[in-house]
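One structure is given here, and the rest of the page talks about it.
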Number of protein chains: 2
Amino acid sequence: MVTRADVARLAGVSTGTVSHVLTGARSIRPETRRKVLDAMEQLGYTPNAMASALAGGRSRIIAIVFPSQPRTIVGSDLEYVLAATEAARRRGYHVVLWTSGADDLNELRQLVRAGLVQGFLLMQVAMSDERVRFLRSAGIPVGLIGRTRAPGHVPFADADFEQIARLVVDHLAGLGHRTIGMLNAPYERGTRGIGAAVRFADAVRRTCEERKLGCTIVESQHTVRAGREALRELLEAAPGTTGVISYNWEATLGAMHEARALGRPIPERLSLVLCSNGEPESTDPELTTATPPATEIATAAVEALIDHLAAPEAEPAQRLVPSVLVERHSTAPAPGS
Amino acid sequence: MVTRADVARLAGVSTGTVSHVLTGARSIRPETRRKVLDAMEQLGYTPNAMASALAGGRSRIIAIVFPSQPRTIVGSDLEYVLAATEAARRRGYHVVLWTSGADDLNELRQLVRAGLVQGFLLMQVAMSDERVRFLRSAGIPVGLIGRTRAPGHVPFADADFEQIARLVVDHLAGLGHRTIGMLNAPYERGTRGIGAAVRFADAVRRTCEERKLGCTIVESQHTVRAGREALRELLEAAPGTTGVISYNWEATLGAMHEARALGRPIPERLSLVLCSNGEPESTDPELTTATPPATEIATAAVEALIDHLAAPEAEPAQRLVPSVLVERHSTAPAPGS
DNA sequence: TTGAAAGCGCTAACAA
DNA sequence: TTGTTAGCGCTTTCAA
């Protein structure tokens, strides 16, 4: 194994100098730097992560945490995980995926005490999230993908649901739709995306009110069948609905199915916009979307957390990431407009 | 921070003794053990993972690796990740999710050189997987979820596709189906589950031959639309098909859709069995399944790898995990039988 | 701009 | 059965 001492010896400098070349923490004579870099190159040196973690008190590892309660991580969550992993790597950090076995928040604290993990990135953040409270009060760094009702000084990145609601409602209104429906993700506490579901529903409702449009919201579990039932329920509650906003990919599949069965083909007799991550191009017709930009959100959240790790006293970054509307073939002018 | 020295002092023993109480590596007088455990309890001691990794030369971290090429981790893959994470934790290991940015196998070697990771668990293993060759030749411990064509002495756990094929084909044959179709995952190199797709297709084909049943295999991308097209293609190629085996969850959704559109309602005029992980209870009708037991496979693979880490010379564990058939409502007697 | 050296907290070999 | 101690490879302070 090649160690820092080997490099220092070959370069004819001290190990401290080698360290500083690596971290750039103090100015080095260009000539010295060259010698050191050459020596590292020549020896095929790789720094030992454990030694530097021990000596420096920083593991350069953060953990992504999913709630343990509903064991539902769906495909789209993975996009966040992957993006976060890569964003962390670009900053020289590693990511571990943590899924609390029980609701054992103490386990999380242990990870930090063990020096394994420097901080946590929480996914599926609830409006009022006990994990945030617990970790904050234990003095453990936390970042959010999503946000709580009152995020205070916690670094986070989330979709800008207000903006998405405007984007989508205006798109439908522009096509002449006057009665909007929404197929939401489940609201109930502990469920995937709960905070997001609440905020998005609020945003849609408010936007519709401002535009003087009808608005009916139903929720659906993340299954195809639930989606069918939810659409039926929606159209029974508000038969005049011609434009539907979905925040539930699996339910969307069921709704498309059901729309056809009910003689409301998409887009001729019912317009549909998907606002959750999914596979909009795999359906028939392809779905018009305005989805949360998962990669960008995850990246921003990771950077916010890592910056916060470096400067705990500074005001943490809090970002709402806007989306764009992509028109495909599931929206059309309202019937008879 | 509470260190081992604090515990030793309070317990009135040496730090070495504390270590041994923790690892159980040598026999300790029960009385001494008690004192030590009490002291740890009293002080709220948590061992420092970095220090023990550095001193012991073992990080107790393994990495799960997905191929970088097709960036397709789907929902069902997550089941493996979660199960592996928990199995590792039960053995005192942590798991990091690694997704190579480029096809940079060197990056993997770096992780080991840096002492961060002790070994790799590879997912989506191809029939001939260069990752395995590379890591093995670099002397790095590898375990597989899945298997290569010739796994040699690599620890692995995989679904017993021969057994699953028999289970499913016999189920359909028992219902009077004489012409079987298969909706496979994509075969082509580098794609998700490729090795598995090849082996499962082979097993189904062979079993059908033995039972003197017709057998047509089509493959489909992992999208709903591709599934619709694949079913149509299948029924055009073999119009007499009455029983379909699917190894592709997303495509199954499309196929169910298409079956109805073609006037072949499930299960009355077409039986369908799902053999990949998915959500069989969310469709209408609910799907009869014989799916790879993801949790058990991942757990077995993790244990095989960890055992291998401990005893590199020993013969590694290699397990084929059988499945069970769960009858729901997507299979019925063949029409006219 | 650089070097020397004292740890970081733990493991494990050796001694008792 | 238990204690002592020399590292593990790196960071960082203090001096030069």
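Reminder, nothing fancy here: chain letters follow the sequence lines and each chain counts from 1. Here the structure is a predicted model, which means the values were calculated and not measured.
Using a 4.0 Å heavy-atom distance criterion, B:V13 is classed as a sugar-phosphate-only contact. Backbone-only contact: B:M1 has heavy atoms under 4.0 Å from sugar-phosphate atoms and none from a base. A:T32 comes within 4.0 angstrom of sugar-phosphate atoms only, judged by non-hydrogen atoms across all strands, and of no base. Contacts of B:S19 with the nucleic acid, taken as non-hydrogen atoms under 4.0 Å apart, include base atoms. A:R33 comes within contact range of no nucleotide atom at all, as no heavy-atom separation falls under 4.0 Å.
Taking every side-chain heavy atom of A:H20 into account, D:dT13 is the closest of D:dT13, D:dG7, D:dG9. Between D:dC8, D:dT2, C:dG3, one nucleotide has an atom nearer to the side chain of A:T17 than all others, and that is C:dG3. Set against C:dT2, C:dT11, D:dC10, the side chain of B:S52 has C:dT11 as its closest nucleotide. Among the nucleotides C:dA5, C:dC10, D:dT2, the one closest to the side chain of A:T15 is C:dA5. For B:P47, the side-chain atoms get nearest to C:dC10 when compared with the rest of D:dG3, C:dC10, D:dC10. Picking from D:dT4, C:dC10, D:dC10 the nucleotide with the shortest atom distance to the side chain of B:S14 gives D:dT4. Listed nucleotides D:dC10, C:dG3, C:dA12 differ in distance to B:R58; the shortest reach to its side chain belongs to C:dA12.
Rounded to an integer number of Å, the gap from B:L54 CG to C:dA12 P is 12 Å. Atom pair A:L22:CG and D:dT12:C1' shows a separation of 14 Å (rounding to whole Å applied). Rounded to an integer number of Å, the gap from B:R4 CZ to C:dC10 P is 5 Å. Atom CG of B:D6 is separated from atom P of C:dG9 by 9 Å (rounded to the nearest Å). A straight line from NZ of B:K35 to P of D:dT2 spans 8 Å, rounded to a whole angstrom. For B:I28 and D:dG3, the CD1 to P distance is 9 Å, given to the nearest whole Å.
Other residues, nucleotides and ligands place more than 12 heavy atoms under 6.0 Å from the CD atom of B:E315.
No side-chain N or O of B:Y45 forms a donor-acceptor pair with one of A:R113 less than 3.5 Å apart. Side-chain polar atoms of B:R109 and A:T46 form no donor-acceptor pair below 3.5 angstrom. Of the N and O atoms on the side chains of A:S52 and A:R60, not one donor lies less than 3.5 Å from an acceptor on the other residue.
The nearest heavy atom of DNA chain D to B:R29 and to A:G16 marks one nucleotide each, and the one closer to the 5' end goes with B:R29.
A:D307 has a carboxylate O that lies under 4.0 Å from a charged side-chain N of A:R91, or vice versa, which qualifies the two as a salt bridge.
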